[in-house]
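Keep in mind the model is a prediction, meaning the values are calculated, not measured. Labels below follow one simple rule: chain letters A, B, ... track the order of the sequence lines, proteins then strands, and each chain is numbered from 1.
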Protein chains: 4
Amino acid sequence: MPNPLPQDPPDRQSRQDSQDPAATRARQRLPADVRNRQILDAALAVFSERGFEAARMDDIAARAGLSKGGLYAHFRSKDEIFEALLRRALSPSDLDLAALRAASPDMRHFAEAFVNRLYDDLMRPDALAVQRLLVAEGARIPHLTAQWQHDTVEALVAQLKRVLARCVAEGNCRAGVATRHPWLLLAPVAYQVLWQLVFGKADDAALQSRRREHIALVRELLA
Amino acid sequence: MPNPLPQDPPDRQSRQDSQDPAATRARQRLPADVRNRQILDAALAVFSERGFEAARMDDIAARAGLSKGGLYAHFRSKDEIFEALLRRALSPSDLDLAALRAASPDMRHFAEAFVNRLYDDLMRPDALAVQRLLVAEGARIPHLTAQWQHDTVEALVAQLKRVLARCVAEGNCRAGVATRHPWLLLAPVAYQVLWQLVFGKADDAALQSRRREHIALVRELLA
Amino acid sequence: MPNPLPQDPPDRQSRQDSQDPAATRARQRLPADVRNRQILDAALAVFSERGFEAARMDDIAARAGLSKGGLYAHFRSKDEIFEALLRRALSPSDLDLAALRAASPDMRHFAEAFVNRLYDDLMRPDALAVQRLLVAEGARIPHLTAQWQHDTVEALVAQLKRVLARCVAEGNCRAGVATRHPWLLLAPVAYQVLWQLVFGKADDAALQSRRREHIALVRELLA
Amino acid sequence: MPNPLPQDPPDRQSRQDSQDPAATRARQRLPADVRNRQILDAALAVFSERGFEAARMDDIAARAGLSKGGLYAHFRSKDEIFEALLRRALSPSDLDLAALRAASPDMRHFAEAFVNRLYDDLMRPDALAVQRLLVAEGARIPHLTAQWQHDTVEALVAQLKRVLARCVAEGNCRAGVATRHPWLLLAPVAYQVLWQLVFGKADDAALQSRRREHIALVRELLA
DNA sequence: TATGAATGAGGCTTCATTCAT
DNA sequence: AATGAATGAAGCCTCATTCAT
């Protein structure tokens with residue numbers, strides 16, 4: 001599985017570059033929240049690349065720039081890191097479709113803005129990493145997935161339904177399957193996500209084409 | 001993660017229903033291909049439920065009705081079981097869209113037959129189990145996923161494209177985004193698959209509705 | 001460790017060469033003593049090459065031309081094979097130094113005959129294999145080594161002492177350390193044996209030279 | 001096989017003689033090189049007693065005073081311990097025969113000093129343990145045995161040859177087989193070593209006699 | 001006798017977690 | 001807070017032995 005998180009592990013030797021001899025010898029003591037973020041970033045990479053069981057605390061530690069034992073100053077266990085990681089990753093989205101619609105004079109423009117937003121949110125490497133984790137290890141955090149389903153995924157469909165209803169009422173959208181069952185408008189991203197998760201990286205050009213085709217579909221269904 | 005494979009593990013005691021006390025104690029010596037199938041069935045269940053690393057050879061053995069050591073008379077390692085499992089699961093599909101189209105007088109009927117076939121192929125519990133493995137552990141068998149992508153997934157889209165082209169040529173289908181980019185017609189199943197993989201089992205009624213909505217979409221796009 | 005036992009494992013396919021269709025299918029049922037010898041030969045090779053623990057019943061069986069289970073028709077356990085093997089290998093030598101002396105008119109001739117006999121007995125590949133086993137695994141069969149020490153090794157030194165005493169009495173040998181402590185006359189073979197066991201095969205030419213030097217030593221000590 | 005290494009395993013409880021109850025419970029965290037030495041000492045005992053395969057990591061760990069897992073903080077595998085062990089044991093000897101000769105006014109004295117040194121080097125329990133390993137498991141470390149053969153064994157014979165040549169030149173030694181083929185002067189130790197390896201411990205008195213007989217042989221050959 | 005699938009005990013190794021420093 | 005040696009609980013795999021055929 002290609003590692004979808006290309007950020008470099010912090011170089012453990014780079015501390016030594018400092019000219020300060022005290023700092024050279026001193027252990028790196030960073031503010032807790034910075035360390036926390038480093039650890040969760042590292043954990044996302046490792047968990048997604050290897051899965052929960054195969055991920056080793058050593059790997060996470062190394063990528064986060066500290067030692068295995070050091071992790072335990074910040075998290076009590078591997079499970080706790082995993083949960084914290086997904087809690088952060090699944091924090092409710094701030095996508096406001098009504099605002100997006102308001103900002104988009106005509107429907108064709110909205111279709112584009114909307115689909116672009118979907119791809120930007122879901123097809124980024126770290127978003128794909130999270131989705132891989134949800135598929136592979138979601139059973140470890142049923143409360144979080146359930147909450148995310150309710151607060152984010154279903155909320156998005158509900159928002160979309162309201163926006164489309166108003167669009168139809170205003171005579172700007174054609175009523176049809178898509179306005180009655182708006183999830184169908186999201187389906188193509190799901191197809192792309194699944195493709196990426198199973199087959200790994202498609203080239204960017206192909207992704208752009210698929211995105212444009214998705215936009216065209218939305219336009220055709222709502223025009 | 002809800003176990004998507006409800007079939008019971010062969011109960012090792014259930015053989016003892018026999019009245020023959022000798023048979024009660026007898027070791028099972030089965031033909032190699034039968035054992036093979038039992039083992040791969042068991043492995044699919046366990047791997048999909050837990051992932052590769054967390055899967056225990058003990059569990060697979062118990063589910064297959066033999067001892068841990070016994071597995072090694074049939075497969076040389078956990079990895080080999082995994083690969084054999086996916087090799088079997090990803091054997092090329094025999095879906096023949098042209099035949100399906102021929103059997104379906106009108107386009108509306110074809111849409112239904114086609115979508116039903118998709119759901120029957122992809123939403124069965126064991127098919128979902130395989131797809132979960134592809135997402136979670138596909139990196140272990142890149143050659144198999146690549147071959148499956150080429151032989152099955154892309155072949156399906158190509159078939160679909162040919163069928164739709166003829167349909168358009170015959171005047172039975174409307175040309176549109178969907179006929180130009182047939183993957184869009186598949187996207188809703190992907191959405192459903194991803195939903196199942198992430199959120200676990202939706203009730204059957206809901207699934208039926210989504211399937212019907214998918215059919216309606218296809219009809220609207222091709223009518 | 002180079003395998004000091006070059007004899008080929010019996011080819012398991014060679015049974016099929018028979019034109020007799022019955023025999024072709026029939027399992028090879030050999031006279032018990034033939035099988036026995038095959039098994040012990042195979043066992044000597046495998047035990048010496050790998051040591052007792054690392055030797056696998058499968059390997060012994062394969063080299064003996066039957067299946068693992070088949071071994072158990074002839075021996076009850078791995079230990080039993082090992083003991084039978086050493087019992088056979090350590091059966092008392094028939095070396096008769098008095099006869100050798102009688103056959104050797106002068107002392108110089110006796111020295112040569114005697115040393116040659118030592119090398120022929122102790123430096124053959126299978127004799128070295130046995131000696132390796134005695135060093136590596138002798139603790140498994142203390143009764144056999146003790147008996148061999150008494151019946152063969154010390155008996156040889158005692159024989160030699162008697163022969164040399166008579167030789168001195170006859171005025172054919174010079175009295176000296178060697179006639180008082182005849183083990184010193186044997187020591188050079190021990191050196192060669194140890195060398196072979198530790199460093200593996202020396203070339204034949206080198207061995208011949210060492211043997212001649214040994215003879216020269218004996219002559220110098222007794223002349 | 002009689003354990004040739006009588007040193008006691010460090011008793012993990014014996015530290016508790018301390019009156020400090022805190023120390024009683026404390027984990028031992030020793031300097032790496034100390035642990036290293038403890039482990040290799042333990043390994044020599046266990047490997048020599050049982051052979052490589054039959055040696056248990058558990059036993060080595062217990063004898064070294066830590067847990068099985070703890071071994072792996074210092075060595076990556078059983079093989080690595082074995083190699084490190086022999087690398088240490090086979091480090092080139094510092095025996096300097098020329099110096100020994102210089103320190104020994106007459107030849108008779110040199111013979112004694114030289115033979116004593118041989119026995120002190122080769123007949124100590126741990127030296128015998130190493131030699132047993134070389135015979136039983138030398139195939140695992142062919143590079144080390146080859147190097148030892150060259151750097152130590154053959155170097156010794158070469159040194160001896162030079163010393164004897166000068167001794168002859170000075171008129172202090174009689175020229176003979178032994179001065180031409182000095183390995184013959186070493187042979188009696190080989191006999192003793194092989195005897196010990198095969199028959200286990202002879203009593204000390206017997207060993208002393210054999211040593212004196214060896215010295216007498218050397219004197220007789222060189223006088 | 002011979003076969004080889006099956007068993008079950010046990011070994012090497014890994015790794016989350018702890019803790020002395 | 002940080003380190004890393006140490007622990008101890010598994011897990012994968014091997015292999016002597018058994019036994020149905």
Side-chain angles (χ1 to χ4, degrees), chain A residues 12 26-32 35 53-61 65-79 81, chain B residues 22-23 25-32 35 53-61 65-79 81, chain C residues 26-32 35 53-61 65-81, chain D residues 22-23 25-32 35 53-61 65-79 81:
Chain A
R12 301 187 68 188
R27 287 149 179 174
Q28 196 72 307
R29 298 188 55 168
L30 298 179
R35 267 284 190 240
E53 280 277 341
R56 285 176 294 133
M57 294 296 272
D58 267 324
D59 294 339
I60 297 174
L66 39 54
S67 74
K68 181 165 52 167
L71 289 182
Y72 288 84
H74 298 271
F75 294 94
R76 280 218 294 272
S77 69
K78 195 180 179 183
D79 285 86
I81 295 180
Chain B
R25 243 162 246 78
R27 293 184 192 185
Q28 283 288 27
R29 298 196 55 180
L30 300 179
R35 268 285 189 240
E53 280 278 341
R56 302 288 157 240
M57 293 298 273
D58 267 321
D59 295 339
I60 296 175
L66 40 54
S67 70
K68 181 166 51 172
L71 291 180
Y72 290 84
H74 299 271
F75 295 94
R76 273 205 296 270
S77 68
K78 195 180 178 183
D79 284 84
I81 294 182
Chain C
R27 286 149 181 177
Q28 196 71 308
R29 298 189 53 169
L30 299 178
R35 269 284 190 240
E53 279 277 340
R56 282 176 296 132
M57 293 296 272
D58 267 322
D59 295 339
I60 297 174
L66 38 57
S67 72
K68 181 166 51 168
L71 289 183
Y72 287 85
H74 299 270
F75 294 93
R76 279 216 297 271
S77 69
K78 196 179 176 183
D79 285 84
E80 201 173 286
I81 294 180
Chain D
R25 240 161 248 81
R27 293 185 191 183
Q28 283 290 29
R29 298 197 55 180
L30 299 178
R35 268 284 190 242
E53 280 279 340
R56 303 289 158 237
M57 292 297 272
D58 266 322
D59 295 339
I60 297 174
L66 40 53
S67 71
K68 184 166 49 170
L71 292 180
Y72 289 85
H74 299 271
F75 294 94
R76 275 206 295 272
S77 68
K78 195 180 179 181
D79 285 86
I81 293 180

Looking at Lys68(C), does any N or O in its side chain come under 4.0 Å of the phosphate oxygens OP1/OP2 on dG4(E)?
no

Presence of Arg76(C) side-chain N/O under 4.0 Å of dA16(F) phosphate oxygens OP1/OP2:
no

Annotated structure of DNA chain E as dot-bracket, pair cut-off 3.5 Å, Watson-Crick or G-U only, | for inter-strand, is .||||||||||||||||||||

Out of curiosity, Arg56(B) CZ to Lys78(B) NZ, how far, rounded to the nearest 0.5 Å?
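The distance works out to 6.0 Å.
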
Please test Met57(B) against Ile81(B) for side chain to side chain contact (heavy atoms under 4.5 Å, CB included), starting from the C-alpha separation and ending with a verdict.
CA-CA 10 Å; Met57(B) 293 298 273; Ile81(B) 294 182; 3.8 Å; yes

Judged by each residue's nearest nucleotide on DNA chain E, which is more toward the 5′ side, Leu71(B) or Met57(D)?
Leu71(B)

Most 5' of Ala73(C) and Tyr72(D) on DNA chain E, judged by nearest nucleotide
Ala73(C)

Less than 3.5 Å apart, which donor and acceptor atoms pair up between the side chains of residues 69-77 of chain C and the rest of the protein, not counting sequence neighbours?
{"from": "Ser77(C)", "atom 1": "OG", "to": "Asp79(C)", "atom 2": "N", "distance (Å)": "3.4"}
{"from": "Ser77(C)", "atom 1": "OG", "to": "Glu80(C)", "atom 2": "N", "distance (Å)": "3.1"}

What about Arg29(B): does its side chain form a donor-acceptor pair under 3.5 Å with the base of dA20(F)?
yes

From [atom1] of [X] over to [atom2] of [N], roughly how many Å is that when rounded to an integer?
| X | N | atom1 | atom2 | answer |
| --- | --- | --- | --- | --- |
| Asp58(D) | dG10(E) | CG | C1' | 10 Å |
| Asp59(D) | dG11(E) | CG | P | 8 Å |
| Leu30(D) | dC19(E) | CG | P | 18 Å |
| Phe75(A) | dT18(E) | CZ | C1' | 19 Å |
| Arg56(C) | dT17(F) | CZ | P | 15 Å |
| Arg35(B) | dG4(E) | CZ | C1' | 14 Å |
| His74(D) | dG4(F) | NE2 | P | 13 Å |
| Ile60(A) | dC15(E) | CD1 | P | 12 Å |

Go through the structure and list residues passing side chain to side chain contact (heavy atoms under 4.5 Å, CB included) with Glu53(B), not counting sequence neighbours.
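With sequence neighbours excluded, Glu53(B) shows a side chain to side chain contact (heavy atoms under 4.5 Å, CB included) to Glu53(A), Ala54(A), Arg140(B), given in chain and number order.
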
Which part of the nucleic acid does Ala55(B) contact within heavy-atom distance under 4.0 Å: base, sugar-phosphate only, or nothing?
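Answer is sugar-phosphate: Ala55(B) comes under 4.0 Å of backbone atoms only.
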
Nearest to the Lys78(B) side chain among dC13(F), dT3(E), dT3(F), which nucleotide is it?
dC13(F)

Ala32(C) side chain: which of dT3(F), dT17(F), dT1(E) is closest?
dT1(E)

Please figure out whether Gly70(D) or Asp79(B) has its closest DNA chain F nucleotide nearer the 5' end.
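Residue closer to the 5' terminus by nearest nucleotide: Gly70(D).
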
